[in-house]
Amino acid sequence: MLKTDIFTPSRFVGEGTVTLRGVKVPYHTVSEDNVFYDDEGKPIASIFSYSYFRSDVAAEDVKSRPVIFGFNGGPGTSSMMVHVGFLGPKRVKYGEVDHDGLPLPPYESCDNEHCLLDIADLVLVDPVGTGFGRLLDESKKDMFYGIEPDAEAFLTFVQAWLARYNRWESPKYLVGESYGCTRASTVAGMGSLSGSDRAYSVTFDGLVMIGNTVTVGKHFGDRSPIYSAVLAFPTLAAVNWYHNHPSNQTVEEFVAEAKGFADTEYLLALYRGNSLEEETREHIIERVMYYTGVSREYLERRALVLEDVEYRSQVIRQKGRYVSRLDGRITRPLYGPLLDEHKWGAHDDPAEGKYNPFFQSVLCGEVFPMLGIKTDRNFVNSHSLWSSWNNDIKGRNTSESLSAAMRRTPTMRTFFVNGWYDICTQIGILYYTLDHSDLPKDRVFVKGYESGHMAYLGEENIKSVSEDIYAFIMGKNPTK
């Protein structure tokens with residue numbers, strides 16, 4: 001990664017006010033490096049954090065005030081999206097979901113009236129190698145760049161933060177998005193049990209998982225093509241419903257019906273393959289075309305097995321457009337000729353092109369000055385750490401880690417937030433995970449939203465997601 005600065009540990013402070021649920025809330029902020037050192041005292045890496053503290057809380061009430069640690073995924077992604085997407089007191093102002101072309105500067109922001117700062121202090125986290133976080137000694141990358149090393153570094157940071165601000169007794173919550181769900185479940189498991197060679201003794205009252213990557217397998221995505229097609233079916237049906245409106249049902253009703261078909265008739269048909277009678281095969285083709293919007297030619301060529309990369313150029317092929325993996329509502333024109341689409345299309349996601357410049361401009365141009373951040377350090381929104389990430393798990397897989405944490409902490413709860421139109425982390429995979437893990441069902445909550453991977457995108461969605469997380473933090477059922 002190219003560097004434009006010499007690393008020196010930084011700490012910045014700021015203050016502000018925001019009106020939340022009719023009350024003016026004052027706050028102060030601390031944005032700082034959390035440095036890791038080797039045995040000789042040399043700095044080797046830094047996690048960067050942005051902490052928001054409500055200023056008018058009585059000293060005797062601080063220890064009972066919740067703390068929310070929020071982060072994104074990747075691995076290799078900064079906290080930018082959750083920071084200015086829905087958690088921080090200043091956020092991007094959402095417009096229409098999908099337009100031809102990109103939004104251009106000047107980008108609009110607004111006070112976040114749905115922020116949770118009235119009920120909890122907020123800590124946004126840039127892991128090592130992301131945002132302002134840095135890996136300073138390349139020879140130490142194995143200590144940070146992997147499922148278990150990343151979780152242990154995060155727990156070490158949390159311990160230091162709790163000690164620094166005297167918050168060990170506060171209720172603690174993790175809000176993770178995408179790979180952040182893998183991080184959250186691993187952190188929760190290690191916190192309640194132990195890491196590779198030490199105990200951390202950090203428990204969490206609750207986890208919010210946005211765009212689930214918790215899995216019953218060793219890695220997210222360890223599935224046969226048949227399983228993958230069946231698990232993707234609810235999401236593909238939702239994307240088809242959004243663009244082509246095949247029925248007058250709500251998206252929830254249409255997806256539920258599609259899932260019932262996929263779990264029974266479609267699964268059996270894929271298992272039987274060439275042994276299917278012609279009449280049954282024709283029935284399956286008609287139903288799959290109806291629910292997902294793909295063509296007969298596509299199904300014949302693929303032996304009825306849906307594949308989500310090709311699906312993105314199939315579902316609205318008649319409109320000459322391609323849907324986003326991250327958010328199936330967002331589209332771009334198809335490449336011409338289609339040969340280029342097959343070569344480059346999957347790497348040209350219209351959602352990333354639409355939102356990344358918008359979010360980074362608001363974060364760097366408005367939020368950082370508000371936080372008092374003045375630095376020459378280059379902000380790295382996303383770094384392709386996933387390409388060489390150590391995915392080995394010596395202990396429990398992610399669902400087992402989460403289950404172990406919930407067993408050992410009998411009041412701990414988990415809230416899964418998933419967009420219907422999220423082709424990246426499909427809601428069908430979440431259903432499968434919950435059906436094949438031993439998570440305590442009475443403390444696990446699941447809700448689908450009319451959104452994509454970042455479930456809070458859009459004025460209606462940020463309101464719904466934030467209100468539901470608010471209810472969850474307050475100890476209520478967020479799905480009611």
Side-chain angles (χ1 to χ4, degrees), residues 20 47-53 65-75 77-89 91 112 114-127 130-131 150-151 154-155 157-158 161-162 167 170-189 191 202-214 359 398 401-402 405-406 412-419 422 425 430 443-447 449 451 453-457 461-476 478-479:
L20 304 173
I47 286 177
F48 199 88
S49 60
Y50 315 83
S51 303
Y52 293 82
F53 303 93
R65 181 169 167 79
V67 178
I68 297 173
F69 294 92
F71 41 87
N72 278 90
T77 303
S78 72
S79 61
M80 179 181 78
M81 290 296 184
V82 294
H83 195 161
V84 294
F86 86 104
L87 275 179
R91 66 171 175 88
N112 182 11
H114 308 296
C115 180
L116 304 174
L117 190 55
D118 51 343
I119 62 165
D121 291 332
L122 309 173
V123 186
L124 286 305
V125 185
D126 290 343
T130 76
D150 169 81
F154 191 92
L155 276 166
F157 151 71
V158 168
W161 191 96
L162 295 173
R167 300 299 291 272
S170 295
K172 307 166 193 68
Y173 291 84
L174 300 176
V175 177
E177 177 178 292
S178 194
Y179 178 84
C181 301
T182 294
R183 176 180 293 124
S185 59
T186 309
V187 164
V202 180
T203 58
F204 297 92
D205 294 69
L207 278 62
V208 178
M209 310 287 211
I210 302 174
N212 171 60
T213 56
V214 177
F359 278 57
T398 47
S401 291
L402 179 56
M406 296 187 76
M412 179 181 169
R413 300 172 304 135
T414 301
F415 179 27
F416 289 97
V417 172
N418 232 97
D422 178 4
T425 55
L430 171 57
R443 290 184 279 135
V444 172
F445 308 93
V446 179
K447 190 168 181 180
Y449 297 82
S451 57
H453 190 54
M454 297 172 286
Y456 44 84
L457 291 188
N461 285 323
I462 188 174
K463 181 175 185 293
S464 298
V465 171
S466 299
E467 287 179 351
D468 292 339
I469 296 176
Y470 183 99
F472 179 74
I473 301 294
M474 298 297 288
K476 299 176 182 177
T479 65

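This is a predicted model, so every value here is computed, not measured.
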Exam field: side chain [X] to backbone [Y], donor-acceptor pair closer than 3.5 Å:
{"X": "Asp205", "Y": "Lys172", "result": "yes"}
{"X": "Arg167", "Y": "Arg65", "result": "yes"}
{"X": "Arg443", "Y": "Thr414", "result": "no"}
{"X": "Thr182", "Y": "Thr213", "result": "yes"}
{"X": "Asn112", "Y": "Phe86", "result": "yes"}
{"X": "Ser78", "Y": "Met80", "result": "yes"}
{"X": "Arg183", "Y": "Asn72", "result": "yes"}
{"X": "Asn418", "Y": "Thr425", "result": "yes"}
{"X": "Thr130", "Y": "Pro127", "result": "yes"}

>> ring pair (Phe, Tyr, Trp, His ring centres under 6.0 Å) for His83 and Phe71? Distances and angles first, verdict last.
In response: CA-CA 8 Å; His83 195 161; Phe71 41 87; over 10 Å; no
> Between Tyr173 and Ile473, is a side-chain contact (heavy atoms from CB on, under 4.5 Å) present by the stated rule, with each step listed?
Replying inline: CA-CA 8 Å; Tyr173 291 84; Ile473 301 294; 3.4 Å; yes
>> Test side-chain contact (heavy atoms from CB on, under 4.5 Å) on Phe416 and Lys447; report intermediate values, then the result.
In response: CA-CA 6 Å; Phe416 289 97; Lys447 190 168 181 180; over 6 Å; no
> Can you name the closest pair of heavy atoms from Thr398 and Ser185 and give their distance?
Replying inline: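 Taking every non-hydrogen atom into account, CB-OG, 3.4 Å.
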> For the residue pair Ala151 and Thr186, what are the closest heavy atoms and their distance?
Replying inline: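 Scanning both residues completely, I find the closest heavy atoms to be CB-CG2, 3.6 Å.
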>> If you define the side chain from C-beta out and look only at heavy atoms, does anything of Thr479 sit under 4.5 Å from Val446?
In response: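 No; the side chains remain at least 4.5 Å from each other.
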>> Counting C-beta onward and ignoring hydrogens, is there a side-chain heavy-atom pair between Val465 and Tyr449 closer than 4.5 Å?
In response: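 When only atoms from C-beta onward are counted, Tyr449 and Val465 do touch, with a gap below 4.5 Å.
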> Can you list the residues that meet the side-chain contact (heavy atoms from CB on, under 4.5 Å) rule with Pro478, with sequence neighbours excluded?
Replying inline: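 Applying side-chain contact (heavy atoms from CB on, under 4.5 Å) to Pro478 gives Phe415, Phe445, Asp468, Phe472.
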> When you look at Leu402 and Met209, which way does the side-chain contact (heavy atoms from CB on, under 4.5 Å) test go after all the steps?
Replying inline: CA-CA 11 Å; Leu402 179 56; Met209 310 287 211; 4.2 Å; yes
>> With side-chain contact (heavy atoms from CB on, under 4.5 Å) as the criterion, how do Val125 and Phe157 come out once you've worked through the C-alpha distance, each side chain's angles and the decisive distance to 0.1 Å?
In response: CA-CA 10 Å; Val125 185; Phe157 151 71; 3.7 Å; yes
> So how far is it from Ser51 OG to Phe69 CZ, rounded to the nearest 0.5 Å?
Replying inline: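 Rounded to the nearest 0.5 Å, the OG-CZ separation comes to 7.5 Å.
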> Step by step, would you call Asp126 with Tyr50 a side-chain hydrogen bond (donor to acceptor under 3.5 Å, both in side chains)?
Replying inline: CA-CA 9 Å; Asp126 290 343; Tyr50 315 83; 2.6 Å; yes
